[in-house]
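Just below is one structure, and these are the notes that go with it.
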Amino acid sequence: MQTATKHWDTYQNEAVTEYTIENDHGVKLAILSWGATLHQLTVPTDKGDKNLVLSYHKMADYLDNPFYVCMGIGRTAGRITRGTFDLDGQTIHVDPNEGQNTLHGGPHGFNTVNWAGDLDTTDPNKARIILTHTFKGADDSFPGDLTARMIYTLDNHDRITLTFEGNSTALTLFNPTLHVYFNVGDDQLIAGQTLQINSQEHLDLDSEKLPTGQMVANAGTPYDFADGQNLGKAIRGLQDIPEKGFDDVYHVTPGADDTIAKLSDPQSGRAVTIKSKRNALVVFTANSFTSNMKLATGAGQPYMGVALEAQTLPDSQNFPEFGDVKLAPGETKQYEITYDLTY
């Protein structure tokens, strides 16, 4: 295992650090301190390294759009209806950042801060990038001060494990994720790639993308990825809806090894298998990417990547049947997302 640390950029007068791990097979993982951002996940090919995730050349470009490209998300992934929920008999209001609603932790979420970082190289077969930040309730409007860690591990099995840890000074919410956008093929668009999801239903959402509390069956529709489906075909099946693609929350059933989804490219043979113990996967096919986005692979356009965000079903504090994302004071809660690579 090889590791490196370097100054990558300056943003808002703060130094943005890049932490890099390379395993014995030439797989490289690069993380930025700002937003705990997954900057590069490269695998070797006969034409050089291939980055499997979308990225930018500058930190400002990551934050100059509403798409959270490969950034850490918290305290809570997804939308909180009207920024309001009940917690231990109290009605809590948190700051909105999408109309009247709170999206992805609000205006002071995980993606908006420069995390403190460290490298752990004590194990010869894996290395860890450990990012830590304390989110003050006075700053992000959630109850309690949350000390969060995002730990990225790369091992010699070509596996990335992302561990989220949180503890709080008061009862609060904790449902983090990584807003990672994959493109595992050689084409600029994802149309030729295959997505499989362990899911029979997805959330019914209203016009503001808020859950209604109901589920919609996937079978017999373009939403059905249970047996794997070509993404281009599936997207073409949604051209009559405003999004012209996917921006949906799948209710998933983790397999025996916690697998919830697999994205693969038949032409190159590359794939990423996603594992999580939680019950949801958000799928967003970058339908609304715009040409002013200065991505490393070129100007933004729809379907350049697919965001696959493992989490607990969103707005669960308003729909308790979706799951429990409460974090008690003094408790340490931990979640993992694993990405197994094939190349």
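Thr42 and Asn51 form no side-chain donor-acceptor contact under 3.5 Å, judged by distance and modelled atom types alone. Side chain to side chain, Asp224 and Thr221 fail the donor-acceptor criterion of an N or O pair below 3.5 Å. Residues His39 and Tyr56 bring no donor and acceptor atom of their side chains to less than 3.5 Å of each other. For the residue pair Thr121/Thr3, the side-chain donor-acceptor check at 3.5 Å is not satisfied. Using modelled atom types, one finds no donor on one side chain facing an acceptor on the other under 3.5 Å when comparing Asn218 with Gln200. In this model, no donor atom of one side chain and acceptor atom of the other lie less than 3.5 Å apart for Asn97 and Thr102. In summary, the side chains of Asn183 and Gln193 do present a donor paired with an acceptor at a separation below 3.5 Å, with no hydrogens or angles considered.
Contacts of Gln12 classified as side chain to side chain contact (heavy atoms under 4.5 Å, CB included), with partners at least two apart in sequence or in another chain: Trp34. Every residue two or more places apart in sequence or in another chain that forms a salt bridge (charged side-chain N to carboxylate O under 4.0 Å, His left out) with Lys277 is listed here: Asp258. Residues passing the side chain to side chain contact (heavy atoms under 4.5 Å, CB included) test with Ser207, sequence neighbours excluded: none.
For NZ of Lys244, the number of neighbouring non-hydrogen atoms (other residues, nucleotides, ligands) closer than 6.0 Å is greater than 12. Counted within 6.0 Å of NZ on Lys326, heavy atoms from surrounding residues, nucleotides or ligands total 12 or fewer; the atom is thus considered open. Heavy atoms from other residues, nucleotides or ligands lying under 6.0 Å from CD of Gln239 number more than 12. Within a 6.0 Å radius of NZ in Lys333, other residues, nucleotides and ligands contribute more than 12 heavy atoms. Within 6.0 Å of the CD atom in Glu321, the count of heavy atoms belonging to other residues, nucleotides or ligands exceeds 12. Around CD of Gln267, the count of heavy atoms belonging to other residues, nucleotides or ligands within 6.0 Å does not exceed 12. More than 12 non-hydrogen atoms from other residues, nucleotides or ligands lie less than 6.0 angstrom from CG of Asp257.
Residue pairs that meet the side chain to side chain donor-acceptor pair (under 3.5 Å) test with at least one member in residues 227-237, sequence neighbours left out, do not exist here. Under the side chain to side chain donor-acceptor pair (under 3.5 Å) criterion, the residue pairs touching residues 153-162 are Asn23-Asp158, Asp24-Asn156, His25-Asp158, Asn125-Asn156, Asp155-Arg159, Asp158-Tyr343, with sequence neighbours excluded. Within the structure, the side chain to side chain donor-acceptor pair (under 3.5 Å) test picks out the following pairs touching residues 76-86 (sequence neighbours left out): Arg79-Glu98, Thr81-Asp315, Arg82-Asn101, Arg82-Glu208, Thr84-His93, Asp86-Thr91.
In this structure a side-chain-to-backbone donor-acceptor pair under 3.5 Å is present from Asp145 to Gly137. Put simply, the side chain of Arg270 gets close to the backbone of Val184: a donor and an acceptor are under 3.5 Å apart. Between the side chain of Thr45 and the backbone N or O of Gly48 there is at least one donor-acceptor pair closer than 3.5 Å. A donor-acceptor distance shorter than 3.5 angstrom exists from the side chain of Thr177 to the backbone of Ala310, with no hydrogens or angles considered. Ser199 places a side-chain N or O within donor-acceptor distance of the main-chain N or O of His251, the cut-off being under 3.5 Å. Gln196 places a side-chain N or O within 3.5 Å of a backbone atom of Ala226 that can act as its donor or acceptor partner. Not one N or O on the side chain of Arg278 forms a donor-acceptor pair closer than 3.5 Å with the backbone of Pro254.
The hydrophobic clustering, which links ILVMFWY residues whose side-chain heavy atoms are closer than 4.5 Å, places Val53 and Ile190 together. With hydrophobic clusters built from ILVMFWY side chains whose heavy atoms lie under 4.5 angstrom apart, Leu178 shares a cluster with Trp115. In this structure, Phe110 is a member of the same hydrophobic cluster as Ile337, with clusters built from ILVMFWY side-chain heavy atoms closer than 4.5 Å. No continuous path of ILVMFWY side-chain contacts below 4.5 Å connects Ile73 to Tyr335, so the two sit in separate hydrophobic clusters. Linking Ile, Leu, Val, Met, Phe, Trp and Tyr whenever their side-chain heavy atoms come within less than 4.5 Å puts Leu29 and Tyr19 in one cluster.
Here Leu173 contributes atom CG and Ile92 contributes atom CD1; the two are 8.5 Å apart, rounded to the nearest 0.5 Å. The structure places CG of Leu41 at 8.5 Å from CD1 of Ile31, a figure rounded to the nearest 0.5 Å. Atom CG of Leu52 sits about 10.0 Å away from atom CG of Asp265, to the nearest 0.5 Å. To the nearest 0.5 angstrom, Asn198 atom CG is 11.5 Å from Ser276 atom OG. To the nearest 0.5 angstrom, Leu32 atom CG is 5.5 Å from Tyr62 atom OH. Distance check: Phe182 CZ to Met304 CE gives 16.0 Å after rounding to the nearest 0.5 Å.
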| request: Evaluate the side chain to side chain contact (heavy atoms under 4.5 Å, CB included) criterion for residues Asp120 and Ile130: first the C-alpha distance (whole Å), next the side-chain angles of each, then the deciding distance (0.1 Å), finally the verdict. | output: CA-CA 7 Å; Asp120 174 11; Ile130 304 169; 4.1 Å; yes
| Is there a side chain to side chain contact (heavy atoms under 4.5 Å, CB included) between Asp9 and His57 once you walk through the steps? | CA-CA 9 Å; Asp9 196 5; His57 293 301; over 6 Å; no
| task | Using the side-chain hydrogen bond (donor to acceptor under 3.5 Å, both in side chains) rule, take Thr273 and Thr259 through it: C-alpha gap first, then chi angles, then the decisive distance, then the call. | result | CA-CA 7 Å; Thr273 300; Thr259 294; 6.0 Å; no
| query | Taking it one step at a time, do Asn114 and Tyr11 satisfy side chain to side chain contact (heavy atoms under 4.5 Å, CB included)? | reply | CA-CA 9 Å; Asn114 202 16; Tyr11 183 71; over 6 Å; no
| Derivation of the side chain to side chain contact (heavy atoms under 4.5 Å, CB included) call for Met293 and Asp61 | CA-CA 7 Å; Met293 296 170 67; Asp61 293 334; over 6 Å; no
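Considering every non-hydrogen atom in both Ser316 and Gly323, the closest pair reads CB-O, 3.3 Å. Considering all non-hydrogen atoms of both residues, Ser33 and Ala15 come closest at OG-O, 4.1 Å. Nearest heavy-atom pair across Ser268 and Gly185 is OG-CA, 4.4 Å. Across Ala261 and Leu281, no two heavy atoms sit closer than the pair CB-CD2, 3.7 Å.
Electrostatic pairing of Lys262 and Asp340 does not count as a salt bridge here, judged by no charged N lying under 4.0 Å from a carboxylate O. For the pair Glu243 and Lys209, the salt-bridge criterion is met [side-chain N within less than 4.0 Å of a carboxylate O].
Under the 30°/60° scheme for interplanar angles, the aromatic rings of Phe67 and Phe284 are found to lie parallel. The aromatic rings of Phe246 and Tyr223 sit perpendicular to each other, their planes meeting at more than 60°, with 30° as the lower class boundary.
Cation-pi geometry between Arg128 and Tyr152 is not met at under 6.0 angstrom from the ring centre and within 45 degrees of the axis.
Taking the ring centroids of His179 and His104, they lie under the 6.0 Å cut-off. Aromatic ring centres of Phe164 and Phe174 lie farther apart than the 6.0 Å criterion allows.
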